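In what follows, a single structure is set out as structure tokens and then discussed.
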Amino acid sequence: MTQSWPKHDMSFLGGRRMRRLRQSEWSRAMVRETELLPRDLIWPLFVIEGQNEKTQIRTMPGVERLSIDLMVEAAKAARDAGIPALAIFPNTPDHLRSETAAEAYNPDNLMCRVLDAIKSAVPEIGLIADVALDEYSANGQDGLVRDGEILNDETVAVMIRSALVQARAGADIIAPSDMMDGRVAALRAALDAEGFEHVQIMSYAAKYASCFYGPFREAVGSGSRLKGDKRTYQMDYANSDEALREIEQDIAEGADSIMIKPGMPYLDVIRRARDAFNVPIYAYQVSGEYAMIEMAGAAGAINRDAAVLESLWAFKRAGANGILTYYALEIARKLAR
Ligand code: PBG
């Protein structure tokens, strides 16, 4: 027997019912405002020395550091899945890290060798090279340090040398993730002077001093070295007007595209940037966001697969043109099906 309940009088709605559009899959598809596509996904990868070598990252279950030969295989898989670009981060061997971070501009460093290897084997994919000193420095800071102070202009001088060896090795996009003042203009001028006018700059324009980078620091091996924090250069999470000034400045200095980082806790900043600036905007779903989804999924607290898609879609809704995400390959393949 069908149950019958009394109806409330809904005449106050005047016929307006939001659920009308949501009644069926075809209708939900028709009114869907945003899409998530393989070309929205940029895949961050960690490179290590060795041959046929993979190492686990304890705090990023499911992500591995890869030797150069395996990075080339990963690049092929990414290309085949429709991913437009890779973002590459080196785990520099300990004995090459130093106070001067000189390994950053060694033309034969791990980063340059992997850029060269992928560029020759998989020329169709874009290569984004991170430029910051923490992957080469003895202290895990993104800048040179003197008496506890992070030096701005001296750091920029080293970054220029680092970006030039990367461009020579085949980097298509230079991505300064350091938050030093003036580095975009300095990099643009140096790249142009050396004939790399075609190399793009994707600036980490609004990068916050965040606890969500913890697992990344394990991945690149800088975390255990880091003393103190990065709050004299990365942004205060209490601010978003300041993020707009950072972005405006980087665009004025010549950035081709800008990034906001971390991702999910900063969707408001992505939306403000989208409304204020007409440039490509990328969001970085960082290592701690990845770890939270993986670990909450493994604990049975959330549906992991559903959480991954919902989190990525949120970036598109907020107005990002693309997302750097450790889920890139998995999701690009899934979307293609
Ligand atoms: C380093 C850098 C960091 C990340 C990207 N580049 C860490 C930091 O600034 O300490 C974080 C990425 C992630 O957490 O996934 N310049």
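Treat the numbers as computed from the prediction; the structure is a model and nothing was measured. Both counts, for ligands and for their atoms, begin at 1 and track the order of listing.
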For this session: Indicate if Leu86 and Tyr284 have the same hydrophobic cluster label, given that clusters are the connected sets of ILVMFWY residues with side-chain heavy-atom separations under 4.5 angstrom.
Result: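 They do not share one cluster, since no chain of ILVMFWY contacts under 4.5 Å joins Leu86 to Tyr284.
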Exercise. Can Lys230 be said to sit on top of Tyr208's aromatic six-ring, NZ or CZ under 6.0 Å from centre and within 45° of the ring axis?
Worked result: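 No.
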Exercise. Does Lys207 make a cation-pi contact with Tyr233, if we ask for NZ or CZ under 6.0 Å from the ring centre and within 45° of the axis?
Worked result: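 No cation-pi geometry.
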For ligand 1, which is the ligand I care about here, please tell me if [X] has any N or O atom under 3.5 Å from one of the ligand's N or O atoms.
{"X": "Lys207", "result": "yes"}
{"X": "Ser287", "result": "yes"}
{"X": "Gln285", "result": "no"}

Problem set entry | Test: Glu154 and Arg183 ion pair at under 4.0 Å |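 No, no charged N to carboxylate O under 4.0 Å.
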Exercise. Is it true that Glu103 and Arg97 make a salt bridge, defined as a side-chain N closer than 4.0 Å to a carboxylate O?
Worked result: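 Salt bridge: no.
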Problem set entry | Lys7/Trp5 under side chain to side chain contact (heavy atoms under 4.5 Å, CB included): CA gap, chis, key distance, verdict | CA-CA 6 Å; Lys7 286 189 179 192; Trp5 288 284; over 6 Å; no
Quick one: which ligand 1 atoms are inside 4.0 Å of a heavy atom on [X]?
{"X": "Lys261", "value": "2 (C), 3 (C), 4 (C), 5 (C), 6 (N), 11 (C), 12 (C)"}
{"X": "Ala132", "value": "16 (N)"}
{"X": "Lys230", "value": "8 (C), 9 (O), 10 (O)"}
{"X": "Ser177", "value": "1 (C), 2 (C), 6 (N), 16 (N)"}
{"X": "Arg217", "value": "8 (C), 10 (O)"}

Exercise. So, does Glu289 sit close enough to ligand 1 that a heavy atom of it is under 4.0 Å from the ligand?
Worked result: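 Contact absent.
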For this session: Determine, using heavy atoms of Asp142 and all atoms of ligand 1, whether some pair is separated by less than 4.0 Å.
Result: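 Contact check Asp142 vs ligand 1: positive.
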Exercise. Backbone, side chain, both or neither: what part of Val286 comes under 4.0 angstrom of ligand 1, heavy atoms only?
Worked result: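 Near ligand 1, Val286 shows its backbone as well as its side chain.
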For this session: Name the option, out of Tyr213, Phe216, Tyr290, that contains the heavy atom nearest to atom 3 (C) of ligand 1.
Result: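 Looking at heavy atoms only, Phe216 sits closest to atom 3 (C) of ligand 1.
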Exercise. To which of Asp134, Leu324, Leu133 does the heavy atom nearest atom 1 (C) of ligand 1 belong?
Worked result: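 Comparing heavy atoms across Asp134, Leu324, Leu133, the nearest one to atom 1 (C) of ligand 1 lies in Asp134.
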Exercise. Would you find a donor on one side and an acceptor on the other, under 3.5 Å apart, between the side chain of Asp142 and the backbone of Leu133?
Worked result: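 No, because the side chain of Asp142 does not come within donor-acceptor range (under 3.5 Å) of the backbone of Leu133.
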Problem set entry | Backbone N/O of Asn239 and side chain of Asp236: donor-acceptor pair under 3.5 Å |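 Not at all, since once roles are kept as given, no pair shorter than 3.5 Å links the two residues.
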Exercise. Are Phe46 and Phe216 an aromatic pair by the rule of ring centers under 6.0 Å?
Worked result: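 Distance test on ring centres: under 6.0 Å, yes.
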Exercise. To the nearest 0.1 Å, how far is atom 15 (O) of ligand 1 from its closest protein heavy atom, and which atom is that?
Worked result: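 For this ligand atom, the closest protein heavy atom is Tyr326 OH, 2.6 Å.
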